[in-house]
Amino acid sequence: MISFAECSARERLALLLDPGSFHEWLPPSERVTSPHLAQLGVPSAFDDGVAIGRATLDGHGVFVAAQEGAFMGGGVGEVHGAKLVGLLQRAQRDRPTAVLILAESGGVRLHEANAGLIAVSEVMRALLDVRAAGIPVIVLIGGANGCFGGMGIVARCADHIVMSDVGRLAMSGPEVIEASHGVEEFDSRDRALVWRTTGGKHRWLTGDCDALVEDDVAAFREAAIAALGTAKPLTLAALEDEHALLTRRLLALPGDNTGRDEAVLLWRALGVVDAEQVPDLSVDTVRALRVI
């Protein structure tokens, strides 16, 4: 077993895809760097924190992007976002079997503020265009930095989300919530709380991811292969189904839950047996508990 969380972006690509099949576009040798970081005296990366290209997965042609969490937490800036958009736009032209995004990001890169926000919006639009063309987009989440902010929204726009039990997915990161509303609202240092409310097990039980796997590159590969060629319809009916799911979850949670563990309350309200035991259960056991 090789930990997905402990691998770098390029290590994940090498281990997840068919051996030797990855061909990178705009590699580090091209020196395509952020135009903003240098002006601020901030070190740049020659790939701006994301590797994009084409490859094969189980013999099927795919386009793939992998964010590098070790560079600025995988934050999205102008160039980083443009590389993702270019990959998705080329997918519409060349029509691979699927597009894979190995997401690891804290969201928009604060150093690039508006440019990063615009970039994320362009990524979302390009991703939905790919889906509308019938090409499935598969997001894999298992990196140490999780998938938050703009990339959290991008992930939920995809056809399929694969998460490990150590992966995390949310709109606002724990530190952002704490900074905005105080430690009483959310203690970002409480690791158990963070994983209960943003982790892979929680997202599986609440229907926010399509596959829950171990923290193992081989497990991610198997789940990605299983999702190939299975695009979900991008229709009004599908959107209404998603809204219905969110409504059921909102109504299931008791209104007066001050000072109580909302994650456990929600799991119990959704019909999960022995909800308080979920954090200590194995991935295989948690998979069998989903009822939503």
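Contact between Met72 and Leu37 at its shortest, heavy atoms only, is SD-CD1, 3.6 Å. Counting all heavy atoms, side chain and backbone alike, Leu17 lies closest to Arg221 at C-NH1, 3.5 Å. Of all heavy-atom pairs between Phe22 and Ala55, the closest is CA-CB, 3.8 Å. Across all non-hydrogen atoms, the minimal contact from Arg131 to Pro233 is NH2-O, 4.0 Å. Nearest heavy-atom pair across Asp215 and Ala5 is OD1-N, 3.0 Å. When all heavy atoms are compared, the tightest approach of Lys83 to Ile52 is O-CD1, 3.5 Å.
Within the 4.5 Å cutoff, no side-chain heavy atoms of Leu127 are placed close to those of Met124. Using a 4.5 Å heavy-atom threshold, the side chains of Trp195 and Val166 count as touching. Side-chain contact between Val278 and Leu205 is present, with heavy atoms from C-beta onward closer than 4.5 Å. Counting heavy atoms from C-beta on, the side chains of Leu100 and His160 never come closer than 4.5 Å. A heavy-atom distance below 4.5 Å is not found between the side chains of Val162 and Val139.
Arg95 places a side-chain N or O within 3.5 Å of a backbone atom of Ala133 that can act as its donor or acceptor partner. At least one donor-acceptor pair under 3.5 Å links the side chain of Arg168 to the backbone N or O of Ala144. Side-chain atoms of Thr285 do not come within 3.5 Å of backbone N or O of Leu281 as any donor-acceptor pair. Side chain of Glu104 to backbone of Gly146: no donor-acceptor contact under 3.5 angstrom is found. Checking side-chain atoms of Trp267 against main-chain N and O of His202 turns up no donor-acceptor pair under 3.5 Å. Of the possible donor and acceptor atoms, none in the side chain of Arg196 sits under 3.5 Å from a partner among the backbone N and O of Pro279. Asp159 places a side-chain N or O within 3.5 Å of a backbone atom of Lys232 that can act as its donor or acceptor partner.
A donor-acceptor pair shorter than 3.5 Å cannot be found between the side chains of Thr33 and Asp48. Asp18 and Thr56 are linked by a side-chain donor-acceptor pair at a separation below 3.5 angstrom, with hydrogens and angles left out of the test. Using a 3.5 Å distance cut-off with no hydrogens or angles, the side chains of Glu175 and Ser188 do not pair a donor with an acceptor. In this structure, a donor-acceptor pair under 3.5 Å is present between the side chains of Ser34 and Glu112.
Between Arg156 and Glu242 there is a salt bridge, since a side-chain N of the basic residue sits under 4.0 Å from a carboxylate O of the acidic one. Between Arg10 and Glu68, no side-chain nitrogen of the basic residue sits less than 4.0 Å from a carboxylate oxygen of the acidic one, so the salt-bridge criterion is not met. Note on Arg189 versus Glu178: no salt bridge recorded, every NZ/NE/NH1/NH2 to OD/OE distance being 4.0 Å or above. Looking at Asp210 and Arg203, no side-chain N of the basic residue comes within less than 4.0 Å of a carboxylate O on the acidic one, giving no salt bridge.
Partner of Cys7 under the side-chain contact (heavy atoms from CB on, under 4.5 Å) criterion, out of Leu16, Leu102, Leu15, Leu13: Leu15 alone. If you run side-chain contact (heavy atoms from CB on, under 4.5 Å) between Leu266 and each of Thr197, Thr206, Val272, only Thr206 comes through.
The number of heavy atoms from other shown groups lying within 6.0 Å of CG (Leu110) does not exceed 12. Enclosure of atom CD in Glu222 is not indicated, since only 12 or fewer non-hydrogen atoms of other residues, nucleotides or ligands lie within 6.0 angstrom.
To the nearest 0.5 Å, atoms CD (Gln67) and CG (Leu84) are separated by 6.0 Å. Expressed to the nearest 0.5 Å, how far CD of Glu262 lies from CG of Leu193 amounts to 9.5 Å. With values rounded to the nearest 0.5 angstrom, Asp58 atom CG is found 4.0 Å from Ile225 atom CD1. Note that CG of Asp284 and CG of Leu289 are 11.0 Å apart. Values are rounded to the nearest 0.5 Å. Separating the CZ atom in Arg54 from the CG atom in Asp94 is a distance of 9.0 Å, to the nearest 0.5 Å. To the nearest 0.5 angstrom, Lys201 atom NZ is 15.0 Å from Arg290 atom CZ.
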key: Criterion side chain to side chain contact (heavy atoms under 4.5 Å, CB included) on Val62 and Val99, from CA distance to verdict   = CA-CA 6 Å; Val62 296; Val99 176; over 6 Å; no
request  = Any chance you could lay out the side chain to side chain contact (heavy atoms under 4.5 Å, CB included) test for Asp165 and Val286, step after step, and finish with the verdict?
outcome  = CA-CA 10 Å; Asp165 60 328; Val286 174; over 6 Å; no
task = Applying salt bridge (Lys or Arg N to Asp or Glu O under 4.0 Å), run through Arg109 and Glu78 and close with a yes or a no.
result = CA-CA 9 Å; Arg109 191 179 297 167; Glu78 182 176 1; over 6 Å; no
message = Applying side chain to side chain contact (heavy atoms under 4.5 Å, CB included) to Phe148 and Val176, what does each step give before you reach the verdict?
response = CA-CA 10 Å; Phe148 295 106; Val176 174; over 6 Å; no
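Put simply, Leu128 and Ile118 are part of two different groups of oily side chains (I, L, V, M, F, W, Y) that touch within less than 4.5 Å, one to the next. Leu265 and Leu245 fall within the same hydrophobic cluster, where Ile, Leu, Val, Met, Phe, Trp and Tyr residues are linked whenever their side-chain heavy atoms come under 4.5 Å apart, directly or through other members. The hydrophobic clustering, which links ILVMFWY residues whose side-chain heavy atoms are closer than 4.5 Å, places Phe63 and Met151 together. A single hydrophobic cluster is not seen to contain both Val213 and Ile161; linkage of ILVMFWY side chains at heavy-atom distances under 4.5 Å, directly or through other members, places them apart. A continuous path of ILVMFWY side-chain contacts below 4.5 Å connects Ile141 to Met171, so both sit in one hydrophobic cluster.
The side-chain tip of Arg12 points at the ring of Phe4 from less than 6.0 angstrom away and within 45° of straight on.
Side-chain contacts under 4.5 Å among hydrophobic residues (ILVMFWY), followed directly or transitively, place Leu26 together with Val32, Val79.
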